[in-house]
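Proteins get letters first, then strands, A, B, ... in listed order; numbering begins at 1 in each. Just so it is clear, the values below take in all heavy atoms, side chains as well, and ignore hydrogens, waters and symmetry mates.
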Number of protein chains: 2
Amino acid sequence: MASKAEERRNALRATLIEKAEARIASDGLDQLRARDLAKDAGCSVGAIYNVFGDLNELAMAVNARTFQRLGSTVTASFAGKTIPPRDRLVIMSHAYLHFAEEHTLLWRALFDLKMSSDMAVPQWYLAELQAVFAHIAGPLAEIFPDWQPEKIGLMTRALFSAVHGIVLLGLEKRISAVPLDQIESMIALVLANVTSSK
Amino acid sequence: MASKAEERRNALRATLIEKAEARIASDGLDQLRARDLAKDAGCSVGAIYNVFGDLNELAMAVNARTFQRLGSTVTASFAGKTIPPRDRLVIMSHAYLHFAEEHTLLWRALFDLKMSSDMAVPQWYLAELQAVFAHIAGPLAEIFPDWQPEKIGLMTRALFSAVHGIVLLGLEKRISAVPLDQIESMIALVLANVTSSK
DNA sequence: GACTCCCGTGAACGGCGTTCAACATAGCGG
DNA sequence: CCGCTATGTTGAACGCCGTTCACGGGAGTC
C-alpha cells in the first residue's frame with residue numbers, strides 16, 4: 001500500500017505550506033527561497049519539487065489558505081447580527097481593511113503572485129471571490145430594489161474594487177502613511193455617499 | 001573639460017532610459033534584464049552601472065517619465081474646456097483608465113517597483129501626486145462648498161484610490177476580463193453616486 | 001611624445017530556481 | 001528472511017540573474 005508514502009508526502013506538504021506561510025508573513029513573497037524553505041521544513045530542496053511543481057504552486061497553496069481566512073473573517077464580521085444593509089457594507093469593508101493590515105504581507109501575496117502565464121485561474125479562487133461578491137450584492141439589492149441585476153453586479157464589482165484600492169494605497173507607506181482610522185473614514189465616506197439615496 | 005565625457009554619459013543615460021522603457025512596455029518590469037539592455041543600447045553591462053546605481057534606479061527614471069506623461073494626459077483631458085465639476089471628475093478618471101489600458105505594463109511598473117527598502121520617496125513622485133490630488137480636490141470643493149478642507153482632502157485621496165482600484169482590478173485579466181466600457185460604467189456609477197447631493 | 005587619469009569592458013562572483021544522476025528505502029514475491 | 005524492483009530522497013550541478021572589478025585603451029595635460 002502507498003499509505004505510508006502518501007502519509008509522509010501529505011505531512012511534508014502541510015509542513016511546507018506552514019513554513020512558507022510563516023516566511024511570507026514575516027519577509028514577503030519575494031523573499032521566499034527554496035533553500036531557506038528546505039531548511040525550515042527539514043528536507044532537501046529537491047523534495048519540495050516532488051510535492052509542488054514549482055514555488056509558485058506552493059505560494060498558490062498559501063494563498064488559498066489566506067483567501068479562505070480572509071473570507072471567513074469578512075463573513076464573521078456581520079454574521080448573526082441584524083444590521084442595516086448600508087452599515088453591513090461598511091462593517092465588511094472595515095473587516096477587509098483590518099485583515100489586510102494585520103496580515104499585510106500574506107494579503108499582498110494574494111495579488112502579487114502572477115498566475116497569468118500558463119495555467120487557468122484556480123477554481124477555489126473564483127469561488128471565494130464569488131462568495132465575497134454575493135456578500136456585497138445582497139445589501140446592494142436591498143438598498144436599490146429597483147436596480148437591474150446587471151447594474152447590481154456592476155456596482156458590486158465597482159465597490160469591491162474601490163474599497164480594495166483605498167485599502168491598497170492606504171497601507172502603502174510610500175504614498176502617504178495614512179492612519180488606520182483615516183482609512184476607515186475614507187471607506188465610510190465613499191460608501192455613505194454611494195449608498196445614500198439621492 | 002569634461003564636456004565630451006559628460007555629453008556621452010548623458011547620451012548613454014537617455015539611450016538606456018529609452019531602451020528600458022521599450023522593454024518594460026513590451027515585456028513588463030520583471031523581464032528587464034541588464035544583459036538585454038546592454039545589447040539594446042550598444043554598451044557593456046558595466047556601463048549601465050556607471051550611469052545608474054542599479055536597475056531599480058533606471059526603472060525609477062522610466063517611472064518618472066511615465067508618471068509625467070500620465071499627469072499630462074489627465075490634465076489635458078479637461079484643459080481649456082468648461083466642464084461641470086462632476087463631469088470633470090469622470091473625464092479625468094476615464095483618461096486615467098485609458099492611459100492605464102494603453103500603457104498597461106508601464107503603468108503597472110509605477111506601482112510594482114519597490115522603493116520602500118532604502119531610499120526616501122523621490123521628490124518628483126510626491127510632486128506629481130500632489131498635482132493629481134489638486135485636480136481632484138478642485139471639483140470636490142465646488143461640489144461640496146460646505147465641507148472642511150480636511151474632509152475634502154480625505155475624499156480626494158479616497159476617490160483617487162477608489163478609481164485606481166477599479167482600474168487595477170478591471171484590467172487584471174485573472175479576476176474577470178471586464179470590457180473597457182464596463183469599467184467606464186463602474187467609475188461613472190461610483191462617482192455619480194458619490195458626488196450627487198443627497 | 002610621455003604621463004596620468006578615467007571610464008568602458010566583459011569575465012567573474014555569489015545567489016537564485018530548478019533538474020537529475022546517484023543513492024536509500026519500502027513493499028513484495030519467494 | 002532474503003533479494004529485487006520501484007519509488008522517494010538527496011544535494012551537487014546547471015543556467016540565468018544582478019552586480020562587481022581588475023584590466024586595457026583613449027582623452028586631456030605638460
Nearest-angstrom distance from the residue atom OH of A:Tyr49 to P of C:dC16:
12 Å
Rounded to the nearest angstrom, tell me the gap between atom CG in A:Leu12 and atom P in D:dT9.
7 Å
Would you say A:Asn63's side chain and A:Ala109's backbone share a donor-acceptor pair under 3.5 angstrom?
yes
If we ignore hydrogens and angles and just use 3.5 Å, is the side chain of A:Asp87 paired with the main-chain N or O of A:Val90 as donor and acceptor?
no
Can you see if the side chain of B:Asn50 gets near the phosphate of C:dC7 - specifically, an N or O under 4.0 Å from OP1 or OP2?
no
Whether A:Arg108 and A:Glu172 form a salt bridge (side-chain N of Lys/Arg under 4.0 Å from carboxylate O of Asp/Glu) is what I want to check.
yes
Check whether more than 12 heavy atoms from other residues, nucleotides or ligands sit under 6.0 Å from atom CD of A:Glu102, and answer yes or no.
yes
Value in whole Å for how far the P atom of D:dT7 lies from CZ of A:Arg9
13 Å
Write down the distance between CG (B:Leu29) and P (D:dG18), rounded to a whole number of angstrom.
11 Å
Find the distance B:Leu58:CG to D:dC17:C1' and express it as a whole number of Å.
16 Å
Pairs under 3.5 angstrom, nitrogen or oxygen only, protein versus nucleotides 12-16 of chain D, please.
residue: D:dA13; atom: N6; partner: A:Arg35; partner atom: NH2; Å: 3.4

Distance in angstrom units between B:Asp30 CG and C:dG17 C1', rounded:
15 Å
Rounded to the nearest Å, what distance is computed from the NZ atom of residue A:Lys39 to the P atom of nucleotide D:dT9?
20 Å
Could you state the atom-to-atom distance from CZ of B:Arg8 to C1' of C:dT9 in whole Å?
12 Å
Taking B:Asp30's backbone N and O only, do any of them form a donor-acceptor pair with B:Arg33's side chain (distance below 3.5 Å, no angle check)?
yes
Choose from D:dT10, D:dT19, C:dG17 the nucleotide whose nearest atom is closest to any side-chain atom of B:Leu55.
D:dT19
Considering only heavy side-chain atoms of A:Ala47, the closest of C:dT19, C:dG8, D:dT10 is D:dT10
Will you find, in the side chains of B:Thr75 and B:His135, an N or O donor that is under 3.5 Å from an N or O acceptor?
yes
Could you please name the option among C:dT9, D:dT19, D:dT10 that lies closest to any side-chain atom of B:Cys43?
C:dT9
Flag, side chain of A:Arg157 to backbone of B:Met186, donor-acceptor distance under 3.5 Å
no
At 4.0 Å (heavy atoms only), tell me whether B:Leu32 reaches a base, stays on the sugar-phosphate, or touches nothing.
sugar-phosphate
